[in-house]
Asker: 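Could you have a look at this structure, given as structure tokens, before my questions?
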Amino acid sequence: MRKLVLLTVLMVAVACKEKPKESAKEAEEIVETKVQEEESDWTILFDGSSWDGWHIYSGREIEEAWSLEDGAMLLNKTSEQRKGGERFNIVTDKEYTNFVLSVEWMVSSGANSGIMWGVAEGEEYPEPYITGPEIQVLDNIDHPDAKNGTSHQAGALYDMVSPSQNVVKPVGEWNHYLISIDHEANEGSVVLNGVKIVEFPVNGEAWDAMVANSKFATWEAFGKFKTGKIAFQDHGEPIVIGYRNIKIKEL
């Protein structure tokens, strides 16, 4: 009888000892599957080696104003190369409604750019900012617009919502944005370098109130397109602006 009890105890002990190993393996597999599923949710918008999926705003192909260097797209058009103050904003070929955009950006001293969504193309809209709200990309130190209030500084929903704090890296270093736009939940946000710095509504009365209190109050087409293209702005200065590691997750 004593031997039988001892054998039973040993069997239970072995079973208990083996179970955590099995659970740990299962947990590993679950985590790995989840990571793979999360990765598959993202679509690469820029692979660092071609302009596939992009064009100059208003329908032209990418010109020499932008170049591909070390896996990044760089805007470096000089004033002398611009005819009549022309701009070289670039936009996605595809339109998006609800999404999370992941992108790294870098500016040289005095640079100004922006990332816009809900952008419509057409002869009646000469610039993407006529329709598309903008998340500011800026040198907060040396560009004059930074002196026009925090709603004009890097990370801001331009002229409407200021960043809660300044977590921008120095000029010449790469920053990371996660920009979320969700019309179903009526939520927008900006995470800069791992810190959520801006939250805002994207439609309805609250959105209309923000627009009414901004420079865009009388712009009839501004922010009116829930579905539109994503644009990277050429502000016109002869300075370097870079974007890389661009991907999107549609919600």
Side-chain angles (χ1 to χ4, degrees), residues 43 45 53-59 87-103 105 112-138 140 143 145-146 148-164 177-192 196-236 241 243 246-251:
T43 300
L45 283 185
W54 297 84
H55 61 272
I56 295 288
Y57 180 77
S58 76
R87 303 289 177 87
F88 299 94
N89 306 289
I90 62 173
V91 295
T92 55
D93 293 345
K94 187 178 174 182
E95 295 185 333
Y96 300 93
T97 306
N98 302 311
F99 60 86
V100 179
L101 178 70
S102 176
V103 54
W105 59 270
N112 185 346
S113 183
I115 300 171
M116 303 170 197
W117 75 91
V119 172
E121 283 186 285
E123 293 181 1
E124 65 271 43
Y125 310 125
E127 290 279 347
Y129 61 73
I130 301 297
T131 58
E134 173 189 352
I135 303 302
Q136 179 75 301
V137 170
L138 192 77
N140 283 347
H143 195 281
D145 206 18
N148 293 327
T150 53
S151 67
H152 286 211
Q153 294 180 359
L157 172 59
Y158 188 76
D159 206 53
M160 290 190 280
V161 181
S162 299
S164 60
Y177 272 158
L178 269 181
I179 300 172
S180 299
I181 303 297
D182 188 343
H183 288 279
E184 298 302 318
N186 195 17
E187 295 174 350
S189 66
V190 179
V191 175
L192 172 58
K196 183 178 284 189
I197 58 169
V198 169
E199 294 181 273
F200 51 90
V202 292
N203 56 55
E205 293 182 3
W207 170 263
D208 293 340
M210 286 196 314
V211 174
N213 290 320
S214 74
K215 64 181 284 186
F216 310 109
T218 60
W219 296 24
E220 293 183 4
F222 180 80
K224 298 300 184 184
F225 298 92
K226 287 185 178 180
T227 299
K229 297 178 179 180
I230 292 169
F232 292 165
Q233 184 187 38
D234 170 14
H235 199 262
I241 299 155
Y243 295 99
I246 307 166
K247 60 184 180 179
I248 195 166
K249 180 193 295 184
E250 296 190 71
L251 304 175

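No experiment lies behind these values; they were computed from the predicted model shown.
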Asker: For residues W207 and G223, report the shortest heavy-atom separation together with the two atoms involved.
Answerer: NE1-O, 4.0 Å

Asker: When rounded to the nearest 0.5 angstrom, what distance separates CD1 in I179 from CD1 in I135?
Answerer: 5.0 Å

Asker: Any sub-3.5 Å donor-acceptor pair from N186's side-chain atoms to N203's backbone N or O?
Answerer: yes

Asker: Which heavy atom of A212 sits nearest to which heavy atom of A217, and what is that distance?
Answerer: O-CB, 3.5 Å

Asker: What residues, two or more places apart in sequence or in another chain, satisfy side-chain hydrogen bond (donor to acceptor under 3.5 Å, both in side chains) together with T131?
Answerer: none

Asker: Verify whether one side chain among E121 and H55 offers a donor that lies under 3.5 Å from an acceptor in the other.
Answerer: yes

Asker: Roughly how far, to the nearest 0.5 Å, is CG of D182 from OG1 of T97?
Answerer: 10.5 Å

Asker: Take L45 and Y243, measure what side-chain contact (heavy atoms from CB on, under 4.5 Å) needs, and give me the verdict at the end.
Answerer: CA-CA 11 Å; L45 283 185; Y243 295 99; over 6 Å; no

Asker: Going through the checks in order, is the side-chain contact (heavy atoms from CB on, under 4.5 Å) test met by M210 and F200?
Answerer: CA-CA 9 Å; M210 286 196 314; F200 51 90; 4.1 Å; yes

Asker: Keeping N98 on the side-chain end and L251 on the backbone end, is there a donor-acceptor pair under 3.5 Å?
Answerer: no

Asker: How far apart are the closest heavy atoms of T92 and K229, and which atoms are they?
Answerer: O-CD, 3.2 Å

Asker: Enter the distance from F99:CZ to K247:NZ here, rounded to the nearest 0.5 Å.
Answerer: 15.5 Å

Asker: Do Q136 and H143 have side chains that approach each other closer than 4.5 Å (heavy atoms only, starting at C-beta)?
Answerer: no

Asker: Below 6.0 angstrom between ring centroids: does that apply to W105 and Y177?
Answerer: yes

Asker: Using 0.5 Å steps for rounding, measure from the CD1 atom of I90 to the OH atom of Y57.
Answerer: 14.0 Å

Asker: For F232 and I246, work out which heavy atoms get closest and say how close.
Answerer: CE1-CD1, 3.6 Å

Asker: Would a distance-only check, ignoring hydrogens and angles, find a side-chain to backbone donor-acceptor pair under 3.5 Å from E134 to M116?
Answerer: no

Asker: Please find the pair of heavy atoms, one from P128 and one from A231, that lie closest to each other, and give the distance.
Answerer: CB-CB, 4.0 Å

Asker: In Å and rounded to the nearest 0.5 Å, what is the CD1 to OG distance from I181 to S189?
Answerer: 7.5 Å

Asker: Calculate, to the nearest 0.5 Å, the distance between atoms NE2 and CD1 belonging to H235 and I241 respectively.
Answerer: 9.0 Å

Asker: Quick check against the 3.5 Å criterion: does S113 have a side-chain atom that pairs as donor or acceptor with the backbone of V137?
Answerer: no

Asker: Compare every heavy atom of V198 with every heavy atom of P163, then report the nearest pair and how far apart it is.
Answerer: CA-CG2, 3.6 Å

Asker: Does CD in E124 sit with more than 12 non-hydrogen atoms of other residues, nucleotides or ligands closer than 6.0 Å?
Answerer: yes

Asker: Going by the rule ring-ring contact (aromatic ring centres under 6.0 Å, His included), which residues pair with H152 if we only count those two or more places apart in sequence or in a different chain?
Answerer: Y158

Asker: Counting N and O atoms only, with roles assigned by atom type, does the side chain of N140 sit under 3.5 Å from a partner on the main chain of A154, one being a donor and the other an acceptor?
Answerer: yes

